[in-house]
Amino acid sequence: MTDDRTRRPEIGVLLPTREMAMTGDYSTKPLLAFARQAEEYGFDSLWTGDSLLARPRLDPLIVLAAMAATTSSLTLGTAALTAALRPPLVGANMIAALDRICDGRLELGLGAGFPIPETEEEFAAAGVPFAGRAARLDDTVALWRQAWRSRDEPGAADFDGRLGQWKALDRLPPPARPGGPRLWLAGSDTPAVTARVARHYDGWLPFLPSAEAYAAAWHRIEDLAAEHGRRPDAITPGLYATVNINPDRSRARRELDTYVQGYYGRPLAAIETIQAYGYGSAEECARWLAGYLEAGARHIVLRIGSLHPGPQLKKIAQELLPALRPLVKETK
């Protein structure tokens with residue numbers, strides 16, 4: 001396959017919506033200000049998460065509609081949308097409407113649901129079976145894509161799949177982008193996940209804790225995608241990473257640990273074995289991220305590991321990104 005490292009890496013940032021539940025402050029004006037600052041600072045994309053009851057936050061599709069009205073150049077995305085929490089056809093219609101509001105700037109990171117008791121409770125509350133959730137997500141994606149192209153493709157108005165049967169899909173309003181937004185799979189590096197990315201998805205958004213693990217999984221996806229006859233550039237290799245910038249590395253780790261404890265109820269020492277966490281000076285974080293870029297990552301979504309994200313956003317823009325750029329050149 002063509003060496004994808006020649007493409008300019010993109011850097012996005014996650015909106016602090018879950019942090020609202022952690023602090024008890026659900027004011028939306030800070031989110032709008034955060035989005036405007038991210039665009040002014042030159043980030044490429046802005047993302048938001050999804051959870052109904054497991055880790056409650058504001059609905060991502062509604063949040064992104066507000067962000068679309070607030071920004072003009074940022075790619076807007078979900079990291080990640082739990083598609084099963086919405087009826088499939090309703091989801092297709094909502095996403096098409098959001099893509100219109102975004103003028104085609106929408107990308108969707110999708111998740112099947114993390115295997116923890118809280119997520120099982122969330123599925124039960126939504127009236128959706130937890131078992132078979134990965135196949136349910138793939139089937140939902142197939143329905144969405146068919147619905148979004150149904151006006152242009154003869155015979156695509158009716159869908160018959162494992163999720164059910166739908167007719168007259170061509171009555172739905174179409175999205176702004178022909179065929180709809182690009183769909184990424186937010187997942188790990190298991191054989192099942194890499195096979196699904198290679199076959200069905202437009203992007204891969206893992207949070208792997210090491211660049212070595214990332215490189216091995218990405219090479220696997222590239223090989224499998226080639227076997228399926230997909231173009232070398234058909235899949236965007238992304239990364240979901242959490243950072244805290246502070247020249248005092250021990251203080252950065254303590255703040256990050258406080259954040260992780262509040263978010264997951266578990267210490268950083270436990271969570272960092274399965275997720276990507278960088279902390280310390282801007283130069284240290286840049287070198288850490290450069291390892292993932294060398295491993296193949298081309299769109300990094302940064303989650304700010306702090307309950308005070310504003311100052312960290314500024315540090316990322318003014319210190320981390322300038323420190324990362326020279327290292328990016330070395331990876332090409």
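No experiment lies behind these values; they were computed from the predicted model shown.
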State, with a plain yes or no, whether a side-chain heavy atom of [X] is found less than 4.5 Å away from one of [Y].
X      : Y      : result
Leu224 : Glu227 : yes
Glu19  : Ile304 : no
Tyr41  : Ile316 : no
Leu31  : Met20  : yes
Trp148 : Pro181 : yes
Leu302 : Leu320 : yes
Pro178 : Arg149 : no
His299 : Ser45  : yes

What's the spacing between [X] [atom1] and [Y] [atom2] if we round to 0.5 Å?
X      : Y      : atom1 : atom2 : answer
Trp218 : Ile235 : CH2   : CD1   : 5.5 Å
Glu272 : Thr242 : CD    : OG1   : 11.0 Å
Leu185 : Leu108 : CG    : CG    : 12.5 Å
Tyr292 : Leu208 : OH    : CG    : 7.0 Å
Leu53  : Glu118 : CG    : CD    : 11.0 Å
Arg196 : Thr190 : CZ    : OG1   : 8.0 Å

Geometric cation-pi criterion, Arg55 with Tyr263: 6.0 Å, 45°: no
Aromatic Tyr259 / basic Arg303 pairing, under 6.0 angstrom, 45° off normal: no
State, to 0.1 Å, how close [X] and [Y] come at their nearest heavy-atom pair, and which atoms those are.
X      : Y      : value
Ala290 : Leu327 : CB-CB, 3.9 Å
Leu106 : Asp99  : CB-OD1, 3.4 Å
Ser51  : Glu122 : OG-OE2, 3.0 Å
Arg298 : Leu293 : NH1-O, 3.4 Å
Leu321 : Ala317 : CB-O, 3.9 Å
Asp202 : Arg182 : O-NH2, 2.6 Å

Flag, side chain of [X] to backbone of [Y], donor-acceptor distance under 3.5 Å:
X      : Y      : value
Arg230 : Ala198 : yes
Ser150 : Asp170 : yes
Glu39  : Ser72  : yes
Arg249 : Tyr279 : yes
Gln312 : Gly305 : no
Arg133 : Val128 : no
Tyr277 : Ile271 : no
Asp44  : Gly12  : no
Thr258 : Arg254 : yes
Thr48  : Thr78  : no

Greater than 12 external heavy atoms within 6.0 Å of His308's NE2: no
Greater than 12 external heavy atoms within 6.0 Å of Arg36's CZ: yes
When you group the ILVMFWY residues by side-chain heavy-atom contacts below 4.5 Å and let the links chain together, are [Y] and [X] in the same group?
X      : Y      : answer
Phe114 : Leu110 : no
Met22  : Leu256 : yes
Leu46  : Ile300 : yes
Trp184 : Leu239 : no
Tyr264 : Leu307 : yes

Inter- and intrachain pairs under ring-ring contact (aromatic ring centres under 6.0 Å, His included), touching residues 191-211, at least two apart: Trp204-Tyr214
SB check Arg177 Glu107 (cutoff 4.0 Å): yes
No-hydrogen, no-angle side-chain donor-acceptor test under 3.5 Å, Arg105 and Thr71: yes
Residue pair Glu255 / Ser306, side-chain donor-acceptor N/O under 3.5 Å: yes
Test side-chain contact (heavy atoms from CB on, under 4.5 Å) applied to Val13 and Gln37, step by step: CA-CA 11 Å; Val13 65; Gln37 288 174 339; over 6 Å; no
side-chain contact (heavy atoms from CB on, under 4.5 Å) assessment of Leu98 paired with Leu76: CA-CA 10 Å; Leu98 179 56; Leu76 302 176; over 6 Å; no
Stepwise side-chain contact (heavy atoms from CB on, under 4.5 Å) check, Arg86 with Leu61: CA-CA 11 Å; Arg86 298 156 185 85; Leu61 302 182; 4.1 Å; yes
Co-members of Trp166 in a cluster of I, L, V, M, F, W and Y side chains, linked at under 4.5 Å: Leu89, Leu143, Phe159, Leu163, Leu169, Leu172
